[in-house]
> 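The structure's right below; bear with me while I get my questions together.
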Amino acid sequence: QVQLVESGGGSVQAGGSLRLSCAASGYSTSNYAMAWFRQGPGKEREAVGVIYTSGTTSYADSVKGRFTISRDNANTTTYLQMRNLKPEDTAMYYCAAGIFGSAWYSASSYQHWGQGTQVTVSS
């Protein structure tokens with residue numbers, strides 16, 4: 001069983017950068033794809049990106065080129081490096097671990113979820 005805890009959220013000006021961390025405990029995440037989701041105020045949860053067990057990444061079009069997902073060498077922490085932040089990036093950000101096929105963007109593909117960390121981007 002994987003337990004996930006997000007951290008690193010906060011307030012930042014538009015155009016700034018922020019790095020979120022997702023720390024895993026209870027089990028190694030080496031066998032899991034690790035994804036980031038977010039949910040803005042009054043909006044549905046949406047996929048941000050994923051890093052597969054192979055190290056390959058995929059991103060939503062809205063963040064491609066600005067956000068980068070990575071893992072540490074021990075597979076204990078997953079990162080979301082966010083650059084050129086925009087007000088529309090304001091949301092609660094969640095990390096998730098899962099075993100799935102090609103539908104990385106589906107929340108149902110993930111079995112373990114963190115509690116979320118808030119990111120607020122001011123204009």
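Just so you know, residue 1 is the first one in the sequence shown, and it goes up from there.
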> Before giving the answer on side-chain contact (heavy atoms from CB on, under 4.5 Å), spell out for Val48 and Tyr59 the whole-Å C-alpha distance, their side-chain angles and the decisive distance to 0.1 Å.
CA-CA 6 Å; Val48 174; Tyr59 301 94; 5.6 Å; no
> Would you check if the side chain of Tyr93 reaches a backbone N or O of Leu80 as a donor-acceptor pair within less than 3.5 Å?
no
> Is it the case that over 12 heavy atoms from other parts of the model lie below 6.0 angstrom from the CD atom of Gln115?
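Buried by this count: over 12 neighbours within 6.0 Å.
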> Roughly how far, to the nearest 0.5 Å, is OG1 of Thr117 from CZ of Arg38?
14.0 Å
> Please determine whether ring pair (Phe, Tyr, Trp, His ring centres under 6.0 Å) holds for the pair Tyr32 and Tyr110, giving the CA-CA distance in whole Å, both sets of side-chain angles, and the decisive distance to 0.1 Å.
CA-CA 9 Å; Tyr32 294 84; Tyr110 302 92; 9.7 Å; no
> Has the side chain of Thr29 got a donor or acceptor atom that lies under 3.5 Å from a matching backbone atom of Thr76?
no
> How long is the span from the OG1 atom in Thr57 to the CH2 atom in Trp104, to the nearest 0.5 Å?
9.5 Å
> Using the rule given for side-chain contact (heavy atoms from CB on, under 4.5 Å), can you reason through Met82 versus Val12, listing the C-alpha separation, both sets of side-chain angles and the distance that settles it, and then say yes or no?
CA-CA 11 Å; Met82 304 181 291; Val12 64; over 6 Å; no
> Treating Glu46 as the side-chain partner and Glu44 as the backbone partner, does any N or O pair qualify as donor plus acceptor under 3.5 Å?
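No: the side chain of Glu46 does not pair with the backbone of Glu44.
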> Between Asp72 and Thr77, is there a donor-acceptor pair closer than 3.5 Å when you use the side chain of the first and the backbone of the second?
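Side chain of Asp72 to backbone of Thr77, a donor-acceptor pair under 3.5 Å: yes, one is there.
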> Counting distance only, does the side-chain N/O of Thr90 pair as donor-acceptor with the main-chain N or O of Thr120 below 3.5 Å?
no
> Of the non-hydrogen atoms in His112 and Val2, which two are nearest, and what is the gap between them?
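Minimum heavy-atom contact is ND1-O, 3.2 Å.
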> Which value, rounded to the nearest 0.5 Å, describes the distance between Ile51 atom CD1 and Asn75 atom CG?
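Reported to 0.5 Å precision, the distance equals 8.5 Å.
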> Could you go through Cys95 and Leu4, starting from their C-alpha distance and side-chain angles, then the distance that decides it, and tell me whether this counts as side-chain contact (heavy atoms from CB on, under 4.5 Å)?
CA-CA 7 Å; Cys95 67; Leu4 307 173; 3.7 Å; yes
> Determine, step by step, whether Ser21 and Glu6 satisfy the side-chain contact (heavy atoms from CB on, under 4.5 Å) criterion, reporting the C-alpha distance in whole Å, the side-chain angles of both residues, the deciding distance to 0.1 Å, and the verdict.
CA-CA 6 Å; Ser21 299; Glu6 301 97 334; over 6 Å; no
> Answer yes or no: is there a side-chain heavy-atom contact under 4.5 Å between Ile99 and Asn31?
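Ile99 does not reach Asn31 side chain to side chain.
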> On a heavy-atom basis, which atom in Ala60 and which in Ala47 lie closest, and how many Å separate them?
CB-O, 3.5 Å
> Could you pull out the closest heavy-atom pair between Ala14 and Ser123, with the gap in Å?
CB-CA, 4.3 Å
> Please say yes or no: joined through hydrophobic side-chain contacts below 4.5 Å, possibly via intermediate residues, are Leu20 and Tyr79 part of one cluster?
no
> Could you check Lys86 against Asp89 for salt bridge (charged side-chain N to carboxylate O under 4.0 Å, His left out), going step by step and ending with a plain yes or no?
CA-CA 5 Å; Lys86 304 175 180 180; Asp89 295 319; over 6 Å; no
> Quick check: do Met34 and Cys22 have side-chain heavy atoms less than 4.5 Å from each other?
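When only atoms from C-beta onward are counted, Cys22 and Met34 do touch, with a gap below 4.5 Å.
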> Rounded at 0.5 Å granularity, tell me how far CH2 in Trp113 sits from OH in Tyr94.
9.0 Å
> Could you check whether Arg19 makes a cation-pi contact with Trp36, meaning its NZ or CZ is under 6.0 Å from the centre of the six-membered ring and within 45° of the ring axis?
no
> When you group the ILVMFWY residues by side-chain heavy-atom contacts below 4.5 Å and let the links chain together, are Tyr105 and Met92 in the same group?
yes
> Measure the CZ-OH distance between Arg71 and Tyr52 for me, rounded to the nearest 0.5 Å.
12.0 Å
